[in-house]
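Just below is one structure, and these are the notes that go with it.
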Amino acid sequence: MEEEREVSNTRSDGNGMPDLVFQCVIHYIHDARDRDAVSRVCRRWWEIDAAARKHVTIALCYTTTPRMLLQRFPNLESLKLKAKPRAAMFNLIPEDWGGYVTAWVEEIARSFRGLKALHFRRMIVRDSDLELLAQARGPALQSLKLDKCSGFSTDGLLHIGRSCKNLRTLFLEESSIGSIDEKDGEWLHELALNNNVLETLNFYMTDLVQVRFQDLELIARNCRSLVSVKISDCELLDLVGFFRAATALQEFGGGSVNEQPERYSSLSFPPKLCCLGLTYTGQNTRPFIFPFAWLLTRLDLLFALLDTDDHCLLIQRCPNLEVLETRNVIGNRGLKVLARCCKSLRRLRIEPAAGKQGMEDERGLVSHSGLIALAQGCLELQYLAVYVTDITNASLEYFGRYSKNLCDFRLVLLEQREGVSDLPLDDGVRALLQGCNKLRRFALCLRPGGLTDVGLGYIGKYSPNVKWMLLGSLGESDAGLLEFSKGCPSLQKLEISYCYFSEQALAISVLQLRSLRYLWVQGYRASKTPDLLAMARPFWNMELIPKRQVIVADPHGAAVSVEDAAHILAYYSLAGPRTDFPDTVVPLEAAAFLNA
Amino acid sequence: MSRSAVELDFFRMEKESAGKPQPPKNLFDRRRSLRDIQSVISKMNPEILKSVIATGSVENGNLLASKPKTDEPFLSPALPLLSAPAFGNCVSGTTPLTIFYKGTISVFDVSRNKAENILKLAEENVSKTVDSDLPLTRRKSLERFLQKRKERLTMASPYGNCPTDYAFSGEKKSPYGNWPADYAFSSEKKSLYGNCPTDYSFSGVKNSWRH
């Protein structure tokens with residue numbers, strides 16, 4: 001009857017709210033954690049969220065399968081997948097560790113009809129995967145990011161260049177496309193011919209050097225919305241035409257300055273340029289950077305050739321700076337200039353580099369005096385990653401007191417010849433954690449004596465919201481780890497490097513950390529009995545990369561054989577143990593039997 | 001003279017300090033744990049330790065440092081003085097191992113064997129830390145950059161077309177040997193995933209790539 005039909009059309013939950021209302025509302029809920037929470041209210045909301053979910057990030061691809069993803073979120077428009085442990089960025093993970101995109105690309109080609117954006121990070125991508133993707137999703141694809149990936153060549157990119165006419169973003173940053181994988185610059189030429197909507201083009205930190213700057217210029221002319229371009233090494237003088245054509249450009253990175261300064265008088269940057277990262281450039285860039293330095297919001301000096309003085313002179317001209325990345329040659333002096341001049345600073349990253357005498361300014365080292373100035377001067381700071389040569393409890397206390405917006409704090413104490421002023425850092429770490437209550441990510445790498453077991457306990461006790469941690473050379477004994485693991489209620493991902501905890505302590509702490517879903521450990525005290533198996537439980541995958549010899553280049557470029565200590569990797573998975581182990585990786589149970 | 005001290009005098013500190021009276025700080029720290037000893041040793045300048053242990057000669061039971069081979073730029077007052085009982089003359093039982101470092105005096109009660117081991121340890125530690133710029137532990141992107149920078153410098157034209165940007169603390173741009181020998185890798189061995197060079201007390205893990 002009519003009445004019944006009406007009731008069934010406006011089906012509602014127990015509160016009387018029709019589905020239609022919630023289906024409209026849910027599109028305004030973007031945060032993944034909110035969506036997760038909302039989907040658990042009732043079955044109906046679960047179904048509505050599942051049908052409406054647009055983006056998913058899978059932090060480790062082995063935690064689920066493409067089919068499970070399809071069943072859960074069939075209408076996905078954007079997917080981000082990650083695989084190799086973060087240690088891969090430090091050359092510590094075997095190249096063939098895993099993280100193949102093939103199964104995912106096949107499912108995407110088959111089923112995910114609405115997919116427009118794809119982001120693979122630290123995964124293995126083959127040319128055949130790119131070909132399949134281009135064939136099946138080419139015209140629909142708007143964003144493709146192959147972020148620190150490997151396994152493909154310019155042949156694969158050629159398919160993308162030819163078929164992805166609607167690509168707004170092509171991001172290849174730091175992907176390993178070795179010299180044998182680069183046939184030519186045809187892929188960029190194809191992209192230039194077929195695409196006029198490109199907004200972001202990034203092949204920064206790749207070895208793609210056969211690209212032609214004429215193609216870059218063509219892209220700039222055709223793509224009126226081009227806002228961000230980061231390229232590999234290329235002489236800036238070749239890009240005069242490109243810069244002239246790219247009138248909407250806001251971000252540029254890469255290139256180098258190899259000629260005499262006078263020759264750059266014809267070079268002018270696009271008017272809206274506010275994010276800059278010049279590589280292999282030094283003082284001679286002053287004439288054409290200084291005039292618009294006041295506009296800069298992002299500055300990448302990681303691969304520039306500036307000394308401490310250059311840093312100071314440049315930074316003091318950048319009052320609007322929000323993001324700075326550089327090496328520790330910035331020095332305490334540079335940090336003080338930053339603190340004085342850059343009140344809008346949100347993100348600061350300071351990497352270590354050659355400190356041997358003569359290479360970079362000896363005074364260009366970062367320590368507590370610079371950090372104290374930074375904490376007091378840059379109150380908007382949200383992200384800080386810094387390598388220091390010296391540190392005090394007081395400087396960490398300053399962060400606790402002033403850096404109320406800090407979400408992400410990473411500190412590494414470099415090995416230096418001279419002693420460190422003020423170890424252990426227990427009190428300073430406690431003060432920082434207590435003061436910075438927005439902290440979500442935390443990394444601390446010191447040395448023996450840097451943090452006692454009590455200090456480790458503080459980290460556990462005072463980090464209620466931290467989801468990711470990296471502990472390096474902290475604590476004194478297993479007692480510290482056990483105390484630590486009584487706390488950290490939100491800790492989902494834990495990385496432990498050279499803390500020398502026993503297998504038994506590691507296993508117990510894993511069972512105690514209630515939110516933990518991912519663990520990576522290197523440099524632990526192996527035992528003869530398989531104590532680690534104490535953390536075995538359903539859905540908990542455990543893998544081991546046994547210690548192995550690796551060939552690396554020593555400081556003089558010679559090939560040497562080095563021992564890389566064993567790694568433990570453990571994670572929750574709904575997909576069961578993986579089936580694509582390379583020789584270098586073994587499931588933990590098997591390893592235990594081998595050693596017995 | 002059953003216990004003659006073996007003193008390693010770095011850079012003739014005795015001579016220097018003879019002129020100026022320096023009241024030692026009252027930090028008499030009697031410790032026993034091996035970890036404490038290790039942590040003290042780990043703070044010492046490995047270059048100094050190495051050169052002294054390697055070049056020291058024994059005179060009247062005193063091990064005096066000869067002049068170090070290379071010019072050590074870190075001529076700071078933070079020089080350790082290592083004093084151990086002369087190995088030939090020890091009485092059985094524990095004897096004090098005195099370490100003078102940065103104005104602090106640390107005394108460890110150790111047996112003769114332990115003292116020997118400690119000195120050996122310091123040597124090993126030194127050869128590990130001085131030589132092992134563990135390339136494994138640096139971020140890939142940064143390693144790549146440092147390698148490329150080195151290549152660019154060695155490729156620079158010999159006819160003065162050098163890029164004007166290599167102004168490292170006033171160093172000249174010539175490609176003929178004004179460059180420090182191996183600047184591409186730092187003496188810093190730590191990254192977020194650093195191998196700690198001073199981790200000699202635990203089984204199974206050796207970090208030196210020299211093996």
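Here is the naming used below: chain letters follow the sequence lines, and residue numbers restart at 1 for every chain.
For A:Thr206, the part lying under 4.5 angstrom from a heavy atom of chain B is the backbone only. Residue A:Thr279 does not touch chain B at all, counting heavy-atom pairs closer than 4.5 Å.
Atoms CD and CZ, on A:Glu351 and B:Arg139 in that order, are 5.0 Å from each other to the nearest 0.5 Å.
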- [ ] Apply side-chain contact (heavy atoms from CB on, under 4.5 Å) to the pair A:Asp207 and B:Lys148, showing each step before the final yes or no.
- [x] CA-CA 11 Å; A:Asp207 286 319; B:Lys148 279 196 152 189; 3.8 Å; yes
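Taking the side chain as every heavy atom from C-beta outward, A:Arg327 and B:Phe145 approach each other to under 4.5 Å. You'll find the side chain of B:Leu142 reaches within 4.5 Å of the side chain of A:Phe303, heavy atoms only.
Every residue meeting the side-chain contact (heavy atoms from CB on, under 4.5 Å) condition with A:Arg122, not counting sequence neighbours, appears here in chain and number order: A:Lys84, A:Arg86, A:Ala88, A:Met89, A:Lys148. Taking A:Asp300 as the reference, nothing meets the salt bridge (Lys or Arg N to Asp or Glu O under 4.0 Å) condition, with sequence neighbours excluded.
Few gaps surround CZ on A:Arg349; more than 12 heavy atoms of other groups in view lie less than 6.0 Å from it.
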